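Read through the structure below, which is laid out as structure tokens, and then see the notes.
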Amino acid sequence: MTQSFAGPPYDLDHLIPELAALGRRTTLLLPKSGSPGDKESSLGGPMLWPADEPWPTCGQSGHWAWPNEKNPAGTVPMVPVVQLFARDVPALSFPEGMDVLQLVWCPLIHPQDQARAALPKLYWRNENEVCAAGMLQAVPAPQEGEFEEEFMPNPCTVSPISVVEYPNWDLPQELRQTLQPCIEELEVRFGMEYALLACALQNKVGGYPAWNQPPNWPSCERGHRMEHLLSVTPEEDLDMVMGDLGGIYVFLCRQCPELPYAHRYDC
Ligand SMILES: [Zn+2]
Ligand SMILES: [Zn+2]
């Protein structure tokens with residue numbers, strides 16, 4: 001689905017006052033273009049990676065790329081998905097001393113994982129420290145047969161825009177029923193579905209997960225409900241068509257010092 005949400009086009013707080021308290025700030029990662037550098041925020045671009053840290057790999061047994069289901073790949077390098085610098089996403093709070101967020105994943109199909117795909121890994125870094133200590137020069141990339149096209153984001157820089165959005169699937173059931181007549185009236189009046197009017201169903205940081213299905217919020221091992229960190233969804237402009245996959249959502253627990261994270265997906 002192509003989505004060009006840039007914040008609600010109408011004053012929803014005013015039109016549906018019950019929604020006002022549920023508005024959340026999210027930073028849209030609108031694809032810009034160009035060839036991103038390793039010191040730029042990007043989707044699928046090169047990453048600022050410390051020379052003394054091996055590039056992450058995935059060796060899950062049986063992971064494969066179409067049409068080689070019977071002939072799985074061995075250990076393959078993961079691929080860059082998102083890199084964000086704190087200066088570009090002021091609304092995102094970084095852990096103490098950190099100013100770079102990186103997400104990589106394995107571009108193969110994983111039969112053991114319910115998501116079949118991705119297995120995202122998250123890293124927080126300090127830009128100056130990485131630059132001072134030296135950056136990894138030769139970043140390995142998966143070879144032919146070691147990746148699924150649909151999990152390879154096309155490199156592009158991003159222009160982050162901070163907007164307010166409202167819950168779609170996360171709108172409490174009862175409230176949804178109460179508001180349904182109002183919502184329908186708005187949809188008719190503006191000729192737009194509520195989800196398109198009020199929700200950012202696209203690549204973004206913070207806000208509500210861009211679920212296509214009923215919510216499935218993860219908790220950390222200590223039972224804290226995690227917060228939504230970012231959503232990565234297929235977008236035509238990005239040339240990243242994730243097949244049956246609706247999106248991949250990454251969550252973080254800030255209550256635990258080791259900052260555990262988890263992912264969910266839907267279709
Ligand atoms: Zn893998
Ligand atoms: Zn926790």
Side-chain angles (χ1 to χ4, degrees), residues 24 43-44 46-47 49 53-83 92-98 101-124 136 139-155 170 205-209 215-234 240-267:
R24 277 192 195 169
L43 297 167
M47 286 183 168
W49 202 269
E53 192 178 313
W55 183 256
T57 57
C58 176
Q60 196 183 94
S61 77
H63 64 179
W64 60 282
W66 195 88
N68 303 319
E69 185 165 8
K70 300 258 149 33
N71 185 18
T75 297
V76 303
M78 291 193 159
V79 296
V81 181
V82 179
Q83 172 167 272
L92 174 65
S93 129
F94 280 71
E96 181 78 31
M98 300 297 169
L101 166 68
Q102 295 169 328
L103 184 81
V104 300
W105 68 36
C106 174
L108 288 166
I109 297 168
H110 298 84
Q112 288 108 320
D113 191 76
Q114 52 130 212
R116 288 166 55 82
L119 306 182
K121 286 181 107 170
L122 194 66
Y123 300 86
W124 301 97
L136 185 65
V139 173
Q143 305 300 306
E144 193 66 42
E146 294 184 336
F147 62 89
E148 275 288 296
E149 202 59 56
E150 57 183 328
F151 299 129
M152 299 291 280
N154 235 19
D170 282 303
V205 182
Y208 291 96
N216 177 13
W217 286 85
S219 296
C220 76
E221 283 183 359
R222 282 177 220 157
H224 308 129
R225 175 163 148 143
M226 293 180 151
E227 69 174 58
H228 170 241
L229 181 65
L230 47 93
S231 287
V232 183
T233 65
M240 184 162 75
V241 184
M242 302 205 297
D244 304 340
L245 220 56
I248 293 186
Y249 316 108
V250 181
F251 300 83
L252 181 70
C253 178
R254 291 185 192 268
Q255 295 177 66
C256 290
E258 63 277 21
L259 300 174
Y261 59 91
H263 71 280
R264 292 286 185 264
Y265 89 107
D266 61 19
C267 53

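Just so you know, ligand 1 is whichever comes first in the structure, and atom 1 is the first atom listed for that ligand. In this text, all values refer to a predicted model and were calculated from it rather than measured experimentally. One is the number of the first residue; the rest follow in order along the sequence.
Within H224, the N, O or S atom at minimum distance from the Zn ion (ligand 2) carries the name ND1. Among the heteroatoms counted here (N, O or S) of H63, ND1 is the one nearest to the Zn ion (ligand 1).
Atom CD of E258 sits in a crowded spot, with more than 12 heavy atoms from other residues, nucleotides or ligands closer than 6.0 Å.
Formation of a donor-acceptor pair under 3.5 Å by the E148 side chain with backbone atoms of W66 is found in this model. A donor-acceptor distance shorter than 3.5 angstrom exists from the side chain of R264 to the backbone of N216, with no hydrogens or angles considered. The main-chain N or O of V76 is never found under 3.5 Å from a side-chain atom of H63 such that the two would form a donor-acceptor pair.
Between C106 atom SG and H110 atom NE2, the angle centred on the Zn ion (ligand 1) amounts to 100° (nearest 10°).
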